[in-house]
Amino acid sequence: MKNIWLYYTAIFVPLVLIILLTNYNLLASWPFIIALFLYVFVYRTFVDGKRLVSKNIITNKDIWKLLIPGTRFEYFKALYLK
């Protein structure tokens with residue numbers, strides 16, 4: 001996922017959907033917390049990892065390391081600015 005616009009779309013659309021579902025009372029509090037947890041820890045790790053793999057910065061087997069707190073900060077410039 002080298003295209004930065006596609007990347008930003010991929011990270012913001014699910015978050016906006018979760019928030020909209022909550023605002024329209026289609027998602028209660030516990031499902032909201034579970035959805036937010038899955039978004040932050042599973043979805044974002046996968047999407048960020050795939051972006052870094054496509055830019056040849058990390059390998060596929062190292063995507064799980066993005067779960068370690070502070071690891072994404074090392075790749076901040078590669079993820080969000082380039």
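Sequential numbering from 1 along the given sequence is applied to the chain's residues. Note that the coordinates shown come from a computational prediction; the quantities given were computed from them, not determined experimentally. Heavy atoms only: backbone and side chains are in, while hydrogens, waters and symmetry mates are out.
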Which is it for Tyr80 and Ile4 under the side-chain contact (heavy atoms from CB on, under 4.5 Å) test, yes or no, and what are the steps along the way? CA-CA 8 Å; Tyr80 303 112; Ile4 196 158; 5.9 Å; no
Do Ile68 and Phe73 sit in the same hydrophobic cluster, where Ile, Leu, Val, Met, Phe, Trp and Tyr count as joined when their side-chain heavy atoms come under 4.5 Å apart? no
Closest approach of Asp48 and Arg72, non-hydrogen atoms and distance? OD2-NH1, 3.2 Å
Quick one: NZ on Lys55 to CG on Leu79, what's the gap to the nearest 0.5 Å? 7.5 Å
Can you tell if the side chain of Arg44 reaches within under 4.5 Å of the side chain of Val40, non-hydrogen atoms only? no
Look at atom OH of Tyr8 and say whether more than 12 heavy atoms of other residues, nucleotides or ligands are closer to it than 6.0 Å. yes
Answer whether the closest heavy-atom distance between the side chains of Val42 and Phe37 falls below 4.5 Å. no
Grouping I, L, V, M, F, W and Y whenever their side-chain heavy atoms are under 4.5 Å apart, do Leu66 and Ile57 come out in a common cluster? yes
How close do Ala10 and Val47 get, heavy atom to heavy atom, and via which atoms? CB-CG1, 4.4 Å
Kindly compute the distance separating CG (Leu27) from OG1 (Thr22), expressed to the nearest 0.5 Å. 4.5 Å
Would Ile58 and Tyr75 count as a side-chain contact (heavy atoms from CB on, under 4.5 Å) here? Give the steps. CA-CA 10 Å; Ile58 64 171; Tyr75 305 112; 3.5 Å; yes
In terms of hydrophobic clustering (I, L, V, M, F, W, Y; side-chain heavy atoms under 4.5 Å; direct or indirect links), are Leu36 and Leu38 co-clustered? no
Between Asp62 and Lys65, is there a salt bridge with N-O shorter than 4.0 Å? yes
Hey, any chance Phe12 and Leu17 share a hydrophobic cluster, counting ILVMFWY side chains that come within less than 4.5 Å of each other, even indirectly? no
For Ile11, does its backbone N or O pair with a side-chain atom of Tyr39 as donor and acceptor, under 3.5 Å? yes
Are Leu21 and Phe32 linked, directly or through intermediate hydrophobic residues, by side-chain heavy-atom contacts shorter than 4.5 Å (ILVMFWY only)? yes
Taking the side chain as C-beta and beyond, is there a heavy-atom pair between Val53 and Thr59 under 4.5 Å? no
